[in-house]
Amino acid sequence: MLYLPLDNTEEYIMLNYTNPKLLIPNLNDIEPSAVAWRSPSNIALIKYWGKHGIQLPKNPSISFTLENTYTETYLEYAPKSNNDGQIDLDFTFEGEPNETFSKKIKAFLESILPIFPFLGQLSLTIDSGNSFPHSAGIASSASSMSALALCLCTIEDELFGTLEGDEVFHQKSSYIARLGSGSACRSIHGTMAVWGETPLIKGSSDFYAVAYEEVHEIFQHFQNDILIVSTDEKAVSSSVGHRLMENNPYAPARFQQAKDRLASLLPALKSGDLERFGQIVEDEALTLHALMMTSNPSFILMQPNS
């Protein structure tokens with residue numbers, strides 16, 4: 001059962017999602033098959049920066065989903081001849097081997113074997129590709145991990161019929177995406193998504209994102225233009241940046257600031273107040289860079305042309 005109370009611990013929720021019955025009783029009955037998903041990146045308006053536990057946010061965040069910056073993931077699966085319960089993965093990125101990505105994806109799949117034990121019974125072939133440069137600050141991990149999560153949940157539903165209805169399917173997909181990349185849980189939903197429990201939004205949760213729909217029509221077709229000033233990989237990954245928040249002296253004030261800004265942003269989104277919207281979003285962007293510069297060690301993601 002998926003619709004989970006907000007006061008549950010991560011351990012309790014993991015127990016609900018962990019299902020040892022999701023094992024294929026007779027591999028001979030399984031024909032080789034494939035699934036594919038396109039999933040977008042997203043841009044946070046109120047930023048998530050700093051986490052605890054198993055990919056849980058220190059503050060709620062809200063994002064626009066970006067329609068044209070996406071990852072396409074194609075996943076083939078077939079029964080393994082050696083049913084050893086381990087992950088058997090052949091991964092390529094845009095048709096070419098990528099050892100770094102392959103190791104990351106395999107480690108992720110191994111970490112979720114308690115949730116999807118059937119993955120250890122299958123040989124997996126994955127090819128993934130982006131419509132934009134990866135590791136350049138456009139949240140490629142959000143689009144890639146959400147696309148993978150959607151593929152995995154599709155396979156579960158095809159094999160076992162356990163995810164009936166869009167709401168159940170999207171909730172679990174968001175939960176799984178979060179385990180791979182925190183912000184990926186928001187990419188499951190269109191237009192806007194909120195991740196992080198807050199009394200401002202009914203049904204919000206630290207464990208998965210929810211769609212946010214109280215948005216003025218002026219924001220329904222908002223466009224986000226991306227000017228790439230450098231395609232170099234980020235010097236500091238988001239994962240490292242989040243860990244550096246643990247000792248940032250401004251972290252407690254920042255987490256409260258994010259909650260306050262969310263409370264100010266929601267009325268602007270509802271009323272179509274572009275001036276207030278722009279002020280909050282710009283302040284958030286600058287705050288995020290300030291947090292990076294006040295970490296120890298400090299780092300800067302802005303480029304000279306930014």
Side-chain angles (χ1 to χ4, degrees), residues 40-51 57-69 132 136-139 142 182-187 189-204 206 209-230 234 236 238 241-242 244-245 248-295 298-306:
S41 182
N42 66 79
I43 182 167
L45 308 175
I46 303 297
K47 312 291 188 183
Y48 137 71
W49 199 247
K51 58 187 176 182
K58 284 284 193 176
N59 64 264
S61 59
I62 186 169
S63 62
F64 271 139
T65 305
L66 303 178
E67 182 179 14
N68 294 319
T69 54
F132 61 100
I138 317 176
S183 59
C185 69
R186 297 190 306 247
S187 284
H189 302 286
T191 308
M192 300 195 75
V194 172
W195 173 38
E197 183 180 351
T198 170
L200 300 171
I201 298 170
K202 185 179 179 180
S204 58
D206 286 349
V210 296
Y212 185 73
E213 299 175 347
E214 295 185 39
V215 184
H216 190 275
E217 61 181 358
I218 199 170
F219 296 113
Q220 295 290 342
H221 303 286
F222 230 47
Q223 293 193 20
N224 179 61
D225 293 333
I226 299 172
L227 177 62
I228 300 173
V229 298
S230 173
K234 293 183 294 183
V236 177
S238 295
H242 282 290
L244 290 175
M245 277 297 286
N248 191 304
Y250 302 104
R254 160 57 195 167
F255 300 142
Q256 183 58 50
Q257 178 193 63
K259 296 174 184 178
D260 294 341
R261 283 181 175 166
L262 180 63
S264 297
L265 180 65
L266 295 182
L269 289 171
K270 190 172 183 178
S271 67
D273 188 340
L274 280 173
E275 184 174 353
R276 184 67 178 138
F277 168 86
Q279 179 186 22
I280 294 170
V281 171
E282 180 70 8
D283 287 347
E284 273 290 288
L286 294 174
T287 296
L288 189 63
H289 287 290
L291 291 168
M292 296 172 184
M293 289 188 281
T294 54
S295 295
S298 61
F299 60 103
I300 299 174
L301 290 188
M302 281 188 175
Q303 296 289 321
N305 290 327
S306 295

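Hydrogens, waters and symmetry mates play no part in the numbers below; they use all other heavy atoms, side chains included.
Residue Gln220 places its CD atom among more than 12 non-hydrogen atoms of other residues, nucleotides or ligands, all under 6.0 Å distant. Around OH of Tyr250, the count of heavy atoms belonging to other residues, nucleotides or ligands within 6.0 Å does not exceed 12. When the shell of 6.0 Å around CD1 of Ile300 is examined, it contains 12 or fewer heavy atoms from other residues, nucleotides or ligands.
In this structure, CD on Glu67 lies 13.0 Å from OG on Ser41, to the nearest 0.5 angstrom. Taking CD of Glu213 as the reference point, atom CD1 of Ile201 lies at 11.5 Å (rounded to 0.5 Å). Once rounded to the nearest 0.5 Å, the distance linking CG of Leu274 with CD1 of Ile218 reads 4.0 Å. Rounding to the nearest 0.5 angstrom, the gap separating the CZ atom in Phe299 from the CE atom in Met292 is 5.0 Å. Here the OG1-CG distance, from Thr69 to Asn224, works out to 7.5 Å after rounding to the nearest 0.5 Å. With rounding to the nearest 0.5 Å, the separation of CG in Leu265 from CD in Gln279 is 11.0 Å.
The shortest heavy-atom contact between Gly196 and Ser204 is O-CB, 3.5 Å. Of all non-hydrogen atoms in Tyr48 and Asn59, the two that sit nearest each other are CA-ND2, 4.2 Å. Shortest non-hydrogen contact noted between Ser61 and Lys47 is CB-C, 4.1 Å. Between Met245 and Gly50, the closest heavy-atom pair is CB-CA, 3.9 Å.
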Assess whether side-chain contact (heavy atoms from CB on, under 4.5 Å) is satisfied between Ile280 and Ile46, documenting all intermediate values. CA-CA 8 Å; Ile280 294 170; Ile46 303 297; 3.9 Å; yes
I'd like to know whether Met192 forms a side-chain contact (heavy atoms from CB on, under 4.5 Å) with Ser63, so could you lay out the CA-CA distance, the side-chain angles of the two residues, the decisive distance to 0.1 Å, and finally the verdict. CA-CA 5 Å; Met192 300 195 75; Ser63 62; over 6 Å; no
- Could you walk me through whether Asn248 and Thr294 pass the side-chain hydrogen bond (donor to acceptor under 3.5 Å, both in side chains) check? CA-CA 7 Å; Asn248 191 304; Thr294 54; 3.2 Å; yes
- request: Assess whether side-chain contact (heavy atoms from CB on, under 4.5 Å) is satisfied between Val194 and Leu200, documenting all intermediate values.
  value: CA-CA 11 Å; Val194 172; Leu200 300 171; over 6 Å; no
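Under the 30°/60° scheme for interplanar angles, the aromatic rings of Phe277 and Phe222 are found to stand perpendicular. Using bins of under 30°, 30° to 60° and over 60° for the plane-to-plane angle, the ring pair Trp49/His242 lands in the tilted bin.
Between the side chain of Ser187 and the backbone N or O of Pro40, at least one donor-acceptor pair lies under 3.5 Å. Side-chain atoms of Asn42 do not come within 3.5 Å of backbone N or O of Ala184 as any donor-acceptor pair. Side chain of Ser295 to main chain of Leu291: a donor-acceptor pair is present (N/O by atom type, distance under 3.5 Å, no hydrogens or angles). Under a 3.5 Å cut-off, the side chain of Asp206 and the backbone N or O of Glu197 do form a donor-acceptor pair. Trp195 places no side-chain N or O within 3.5 Å of a backbone atom of Ile62 that could act as its donor or acceptor partner. In this structure a side-chain-to-backbone donor-acceptor pair under 3.5 Å is present from Thr65 to His189. The backbone N or O of Asp283 sits less than 3.5 Å from a side-chain atom of Thr287, completing a donor-acceptor pair. In terms of modelled atom types and a separation under 3.5 Å, the side chain of His289 and the main chain of Leu301 share no donor-acceptor contact.
Side-chain contact between Ser264 and Arg276: present, with at least one pair of heavy atoms (C-beta onward) separated by less than 4.5 Å. Using a 4.5 Å cut-off on side-chain heavy atoms (C-beta onward), Thr191 and Phe219 make no contact.
Among residues at least two apart or in separate chains, salt bridge (Lys or Arg N to Asp or Glu O under 4.0 Å) pairs with a member in residues 248-268 are Arg254-Glu284, Arg261-Glu284.
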